[in-house]
Each structure stands twice: as C-alpha cells, then as structure tokens.
Protein chains: 2
Amino acid sequence: MDELVARKISEPPSVAAWRNAAAEAAAAAGDGDALELVELFFFAYRDFVGDADRLLENYGFGRAHHRVLHFVNRRPGLTIAALLDILRITKQSLNRVLKQLLEAGFVEARAGVVDRRQRLLYPTPKGAALARDLAALQSARFLKVMDELPPAARGAASKFLFAMIDSGERERVRAHLAYAKAAGAAT
Amino acid sequence: MDELVARKISEPPSVAAWRNAAAEAAAAAGDGDALELVELFFFAYRDFVGDADRLLENYGFGRAHHRVLHFVNRRPGLTIAALLDILRITKQSLNRVLKQLLEAGFVEARAGVVDRRQRLLYPTPKGAALARDLAALQSARFLKVMDELPPAARGAASKFLFAMIDSGERERVRAHLAYAKAAGAAT
DNA sequence: CTATTTACGTCAACTATATTGACATAAATC
DNA sequence: GATTTATGTCAATATAGTTGACGTAAATAG
C-alpha cells in the first residue's frame, strides 16, 4: 500500500503543463468568491440528495436505484443503452440495481416492438408512485428556494445550473429535457 | 436476496403520512419546472466533480482525499473532530483516507498546543499546491459560468446555492465560510 | 489523587457502488 | 450465412462508506 501510493504521487509531466494554466485562470480573478461557490455547491448537493436518501432507506434502496427509477419514470420505454448513456456507468453496474428494481416490481421491461433485442423499461404503478414521491421531495426543496429568493434571482437558477454543465454535454441534456417534457412523464 | 428485498418493500406506515404531504406540496405548483431543476442540478454536479476527479487520478487519490485535503487546506489547524463534523462520515472512514494523505506527505498533523490530545491538521507545501490546483479547476468553472451568464443573474448563484442548504445547516456553513475567510486560507 | 470523560486510533466484518475483462445469446443486418 | 448489435452474466477488484468493539493518552471533575 505504501508502494502503491509512493508509485503514484510523483507528478506526471502532462499535469504540470495545464496545472499552471488552470491556476492562472482562477488566480486572475478574485478566487475567494469562486471558492465560496465551490463549497456552497458541495453543501447544497449534500443536502439535496439527503432528502431522497432518507426516503429510499425505507425501501432498502440506494442512490443508484433512485437514478434508475427516476429516468425510467421520466422517459418510459427507455432502452438499456439509453439509460447507460445517461448514467455513464457500465452495464454490469446498472444490471445489479436494475435487477433489484425489476424483481421488487418497481420497474418492468417489455421487449421492443421494432427491435426485439431491446428491453424497454417502464415504471410499474408502484414504481411511478415512488418516483413521484422522490421527485416531490426534491422539487419541494427547489420550490421553497424559489420562494425564499428575491424574485429577480428566481429565473437565474436554471440558467446558472445549465451553464455549469460541460458545454459538450448541454445539447444532450437539452434533448433529454425536451424528450421528457414531450413524453409527458411529469412528476 | 429476494427475501431481503421482499422484506423491505412494503411501505411502512410512517412513510405514507408525509408522502402525501410532500406530494401535495410539489403538485401544488407546476412541478415540471422543478423537475427540470432537479435534473439540471444532477448533471451540473456530475460535471463539476468530474474536473477534479480527472486531476486526482494522476495522484492515485479519489474524491474522499479531495474533500479532506480541501478542508484541511481551507482551514489549517483543523482538528479531527471538526473535520468529521464537516464531512459527516465516521472516523474509521476518515482515517483510511487521512492516513494515506499523511503518509504521502500532503497533510501533516501536529499535536494541539492547548489540548495535546488533538491532532491539528495542516497541508504541507505539496498538499497546498494540489489543493490549489483542484480549487483552481473548480473555480475556473464558476468563473466561466459567471462570464456566460447575463450580468443580472450573476449575483443570484450564491444566494441560490445558499438557499438550497438545509435551513438548520446554514448557520454552520456561514460560520465555516467566515472562519476560512478570516484564516486567510485562500486558494 | 482517583475517576471519568474526551479525542483519537485501530481491528474486523460488512454494504453499496463502481470498475475491467471475458464470454454467452438472440435478434437484426449485411 | 456471417457479422454486428443489444443485452445478460460470471468473476475479480477498488473505493468509500457503515457498525461495533476495544485501546490509549490527555484533560477534567470529584
């Protein structure tokens, strides 16, 4: 273990190059403010997921189950491949969690009609109910925040969050939101 | 495993009660918008931590090391207890990660002067440099976001994130930020 | 001064979530 | 008919967390 650490702590040359670039970029402006935002983002996310975690415990599920159930509910008929693409995990990792959701009757899979190799995922009524409860908890936090915020700041939240996403990812996220909205899979 | 799931999926009575309350609260307003915010928050956080993850890989460290190094750098002289309080993990979990940071020379511990049982944690120069690089990456994302955002929306980000934190936690977070700022542990 | 509490470390077993790599199968497509 | 695609599965491993039990040195209360 000492060896493992010792072998890896020396700084590779490739890092040194853009280390300076990044450091300079941030040092250029008042970094203190940005650092505060970094920490606020950390604390905000911690509490945000905490809500759902507590509810999930009652079902013996974890965050991984939540994510799967959420996206299946949001886009009924989702394929495995599409889900893997959203979650960015391996199929082996997805399978463990998905299998539990299927066996417990929160999600069901039907063979694709156009391509029968595909497994189209749908929430069961029970699954949809849990997904709705989880979404309600997290939505409630946002709604409360909007209420606390000065009106002028309310519209800024979604713009801010969207801008925080990798620019190369934004189009995909936009497409996902549009698809979900069109599918009418609200709450 | 089937039994394990079967045993836990029946909904406990305590849940049913506030399930409705939460569902109603969210259903009361246009939930669709809030759902979008939920997903944007998820994607934004994913990309936000991704930056640091890639840099950490070069050192054989993970997110857990990052969090420890970050807060030690931000508040030099931090005690174990204070760190546990911020991270909300067990001492056993902290210890594994902290030990690696100590052995690899990124953090050092000195006995407390007023209370010699305490171990005061400080970043080494090497640790401070890595912390600065990591912070620079994440700060850079925020700075870029601020640049992309309409000027009117810029001030809203920190208000929004702060409002997303559990109300019972805000005072502690405020205290942490004030302490860090006063300690002058910038970047 | 003794007793207790506090701050921290450590051993062990276990869980959840992820990974890589290899191989299997059925359906679609060339 | 051969190949590619969508998915499932077995096995080994890593990381980050948990609970529980026990140890030790220093501070503090009586």
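Protein chains get the first letters and strands the later ones, always in sequence-line order, with residue 1 at the start of each. What you see is a predicted model; the values in this text were computed from it and never measured.
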Does [X] have any side-chain contact (heavy atoms from CB on, under 4.5 Å) partners at least two apart in sequence or in another chain, and if so, which?
{"X": "B:Gln118", "value": "B:Thr79, B:Asp115, B:Leu120"}
{"X": "A:Val49", "value": "A:Tyr45, A:Asp53, A:Arg63"}
{"X": "A:Arg110", "value": "A:Glu108, A:Tyr122"}

(request) Sort and list the pairs that fulfil side chain to side chain donor-acceptor pair (under 3.5 Å) and have at least one residue in residues 149-163 of chain A, not counting sequence neighbours. (result)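 Pairs touching residues 149-163 of chain A that pass the test: none.
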[X] [atom1] to [N] [atom2], straight-line distance once rounded to whole Å:
{"X": "A:Leu83", "N": "D:dT7", "atom1": "CG", "atom2": "P", "value": "10 Å"}
{"X": "B:Leu98", "N": "D:dG17", "atom1": "CG", "atom2": "P", "value": "13 Å"}
{"X": "A:Leu94", "N": "C:dT17", "atom1": "CG", "atom2": "P", "value": "12 Å"}
{"X": "B:His66", "N": "D:dG17", "atom1": "NE2", "atom2": "C1'", "value": "19 Å"}
{"X": "A:Gln100", "N": "C:dT15", "atom1": "CD", "atom2": "P", "value": "13 Å"}
{"X": "B:Glu57", "N": "D:dA14", "atom1": "CD", "atom2": "P", "value": "15 Å"}
{"X": "B:Tyr59", "N": "D:dT15", "atom1": "OH", "atom2": "P", "value": "18 Å"}

Under 4.0 Å from OP1 or OP2 of [N]: is there any side-chain N or O of [X] that close?
{"X": "A:Arg96", "N": "D:dA11", "answer": "no"}
{"X": "A:Ser93", "N": "C:dT17", "answer": "no"}
{"X": "A:Arg67", "N": "C:dA18", "answer": "yes"}
{"X": "A:Thr90", "N": "C:dT19", "answer": "yes"}

Pairs under 3.5 angstrom, nitrogen or oxygen only, protein versus nucleotides 3-8 of chain C, please.
residue: C:dT6; atom: O2; partner: B:Arg117; partner atom: NH1; Å: 2.4
residue: C:dC8; atom: OP1; partner: B:Arg119; partner atom: N; Å: 3.4
residue: C:dC8; atom: OP2; partner: B:Ala81; partner atom: N; Å: 3.0
residue: C:dC8; atom: N4; partner: B:Lys91; partner atom: NZ; Å: 3.3

(request) Kindly indicate whether a cation-pi arrangement holds for B:Arg75 with B:Tyr179, taking the cut-offs as under 6.0 Å to the six-membered ring centre and within 45° of the axis. (result)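 The answer is yes; both the distance and angle limits are met.
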(request) Starting from the 5' end of DNA chain C, give me the residue, B:Gln92 or A:Arg88, whose nearest nucleotide shows up first. (result)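 The residue closer to the strand's 5' end, by nearest nucleotide, is B:Gln92.
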(message) Could you tell me if the side chain of A:Leu177 sits less than 4.5 Å from the side chain of A:Arg74, heavy atoms only?
(response)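 Yes. Closest side-chain heavy atoms under 4.5 Å.
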(request) Have a look at B:Arg63 and say if it touches a base, only the backbone sugar-phosphate, or nothing, with a 4.0 Å heavy-atom cut-off. (result)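 Touches sugar-phosphate only.
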Please table the atom pairs, donor to acceptor, closer than 3.5 Å between any side-chain atom in residues 89-99 of chain A and protein atoms at least two apart or in another chain.
residue: A:Thr90; atom: OG1; partner: A:Ser93; partner atom: N; Å: 3.3

